[in-house]
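Residue numbers start from 1 in every chain, and the chains themselves are labelled A, B, ... in the order their sequence lines are given, proteins ahead of strands. Atom set for the values below is all heavy atoms of this structure, side chains included, hydrogens, waters and symmetry mates excluded. Nothing here was measured: the structure is a model prediction, and the numbers come from that model.
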Amino acid sequence: MPRKINSNTLFNMAIISTLVVVILFIGLLLFSVIDYIHWKRLSNVFFSNEVLFSMRLSLITATVATGISMMMAIPTAFALSRLNFWGKDIIDTLIDIPVILSPMATGAVLLIFFNNTTLGKFIEDNITRFTFEVKGIVFAQVAVVFALAARLLKSIFDGIDIRCEDVARTLGANKIKAFFNITLPMAKSGIIAAFIMTWARAISEFGATLMLAGASTMKTETLPIAIFLSFAKADVYQAVVVILILLGLAVFVLLAFRCITRRILL
Amino acid sequence: MIKVENFCLNLGNFKLKNINFSVEDGQYCILLGPSGAGKTLLMECIVGLRKPDRGRIFLNGREVTDIPPEERNIGYLPQDYALFPFMNVYRNISFGLRLRKFTADEIKTDVEDVADSLNIKHLLYRLPSTLSGGEKQRVALARAFIINPYFLLLDEPYCSLDANLKRNLWLQMLRFHRRTNKTTVHITHDLEEAFTLGEKVIVLINGYIEQSGSREDVFYHCNSFEVASFLGISNILYGRIISINRKEDNIKIRWKGYTITARFKEEFAEGSKIRFCIRPQEIKIIREGRPIKEELRDNLFRGRIVDSISHGATYTLYFRIFNSLPIYGSEHDFEIIVPAYTYLKLNLQRGKEIMVGLRKKAIQVFKEI
């Protein structure tokens, strides 16, 4: 007599087969990239001036942009987490806009601001140039990743026991001392995790960078822009090498993030 | 001295209404009330973590209503202790001293002194996550106490501890208070804790101070039905005043066809509907052949024990008067609490016929709303 399959087994089979399909798909994509590599040519392309330049530029701009974003996001997130004020929900929603909006649209808005508005033109003419410059890359990255940093940090501050800050106040700490002596140390692991995620998002930023800073070889050529330019000049091999670099960074970042968040949870 | 004057706080769906009280120097004051009564809110305002909408707070004669918490010099122990999780016990306790720029030697001496007095010296280099509830409580108390505050404000410090440990810590707290004589306000909803520790008891119910006074005053002379029912007086009865005798200082109450004599109170008139209650401990079992005390003679009832529950050291007896009509389906008329010794000696088992007397002075009478 054939054995009847019960609903629990059916459910398990359904979720496991979905998981297998997803893993196969990711594996196939990775394999297609790795299979493309001619290992002898790899070092030539990897150490080419263009690839090294885009690696250096990406590392510098992503790190600077993440630093700026974190410095702005920490007080913003803390204010949203601890203060109650009129219009808080509206501000909270506004901050989320870059997360939802396409980076290309964010970049277009920035370009319009610097090219078409009085304030934007004034900044461009008298203070510093952002359009089609390296500073534009940093500006575009900050515009895109700040929201992510603020969102991550707010959830970290929300999770910190406000009672600890209250007790520190009664023990003689003013708000600044309570923040630096209690809140920040308690949020340390969370802030590091938020930094890593924000940095990862910044280094892979493409749309806003392309719109504001353009795609100039050996000038505003970050790693994602390098992929775009390689395909534009039909150099698929160089594109694949840059993709591999980004893949390596992604794996490193995800592992680091996992280690840190596990430490927070424990 | 702590003094709160005409204090109001409106949170929309909850209000603290016209709060007035004071705590004398060196006094141990219990802020007693059910959950959601507003005790923590009131304490947060005294500590300075919230601002009242109206009213003033004075600490040692100085108005502090608008002064931030760091300038009030109050030792505060919140409900969950809020130990700083990334600092060991030594650094937790010394936090306030480090802010005050004490030298390392001064800090070491002070921390060791206070740790010694609270018996936590062996815990100094452990992280809070490795401590038990009772240890955390003592560390938090040490941290609050070491800054030499004018006052100690404790928010349900024993609520998450088991009964035995709690009793142990109550005793330690009593001794600690006797030694330090620090003015203390302690929040609790636990009656036993309140009457063990409190020299003064303030009863806060639904955002309003229903009663305040010495522990005996509050316990034996509830001034409202709300206080009486919160204090766990289970024999709550409904009746009507049938006569008032000012000369003999008593009133007669008609209840279920019986007459009960209670002490006279100015605010009642003949015929008025009232609620009255008596503590289960104040109903006495009359032993056969023994003289009946004067205070019990007016309120004697014969009946049967319909149920009994053991609590270890005491027993609760459920007593029904012979031929009494059941009200709201209840099978008993009075709850009586007797010591286990009495229960065993008199063999007060279910079904036993006994006579009980209600102490006239222990009957508390309130207007029916």
The interface call for D166(A) against chain B, heavy-atom contacts under 4.5 Å, is both

The interface call for L83(B) against chain A, heavy-atom contacts under 4.5 Å, is backbone

* Asked: Does CZ in R100(B) sit with more than 12 non-hydrogen atoms of other residues, nucleotides or ligands closer than 6.0 Å?
  -> yes

Cut-off 4.5 Å, heavy atoms of chain A, and the answer for D80(B) is side chain

Answer key: most heavy-atom pairs under 4.5 Å with chain B among A178(A), A173(A), P185(A) is A173(A)

*Check the surroundings of atom NZ in K88(A): do more than 12 heavy atoms from other residues, nucleotides or ligands lie under 6.0 Å from it?*
yes

Atom CE of M72(A): over 12 foreign heavy atoms under 6.0 Å = yes

Interatomic distance, CZ@F86(B) vs CG@L184(A), rounded to 0.5 Å, equals 9.5 Å

Shortest non-hydrogen pair, G172(A) vs E70(B), comes out as C-CB, 3.6 Å

dist C164(A):SG -> N92(B):CG (nearest 0.5 Å) comes out at 8.5 Å

Q.
More than 12 heavy atoms of other residues, nucleotides or ligands under 6.0 Å from CD1 of I127(A): yes or no?
A. yes

- Output, in order, the C-alpha distance, side-chain angles, deciding distance and verdict of side chain to side chain contact (heavy atoms under 4.5 Å, CB included) for F95(B) and N181(A). CA-CA 9 Å; F95(B) 182 79; N181(A) 289 309; 3.9 Å; yes

Chain B shares the most heavy-atom pairs under 4.5 Å, among R169(A), K177(A), E165(A), with R169(A)

| Counting only heavy atoms not in F85(A), do more than 12 sit closer than 6.0 Å to its CZ atom? | yes

Bottom line for R143(B): the part with an atom under 4.5 Å from chain A's heavy atoms is both

Got more than 12 heavy atoms from elsewhere within 6.0 Å of OH, Y150(B)?
no

Distance col, row L171(A):CG vs I74(B):CD1, nearest 0.5 angstrom, shows 11.5 Å

task = Decide if atom CZ of F252(A) counts as having more than 12 heavy atoms of other residues, nucleotides or ligands within a radius under 6.0 Å.
result = no

d(E44(B) CD, R163(A) CZ) to nearest 0.5 Å is 4.5 Å

Original post:
Does atom NZ of K108(B) have more than 12 heavy-atom neighbours from other groups under 6.0 Å away?
Top reply: no

Looking only at Y76(B), F84(B), Y81(B), the option with the highest number of non-hydrogen pairs under 4.5 Å against chain A is F84(B)

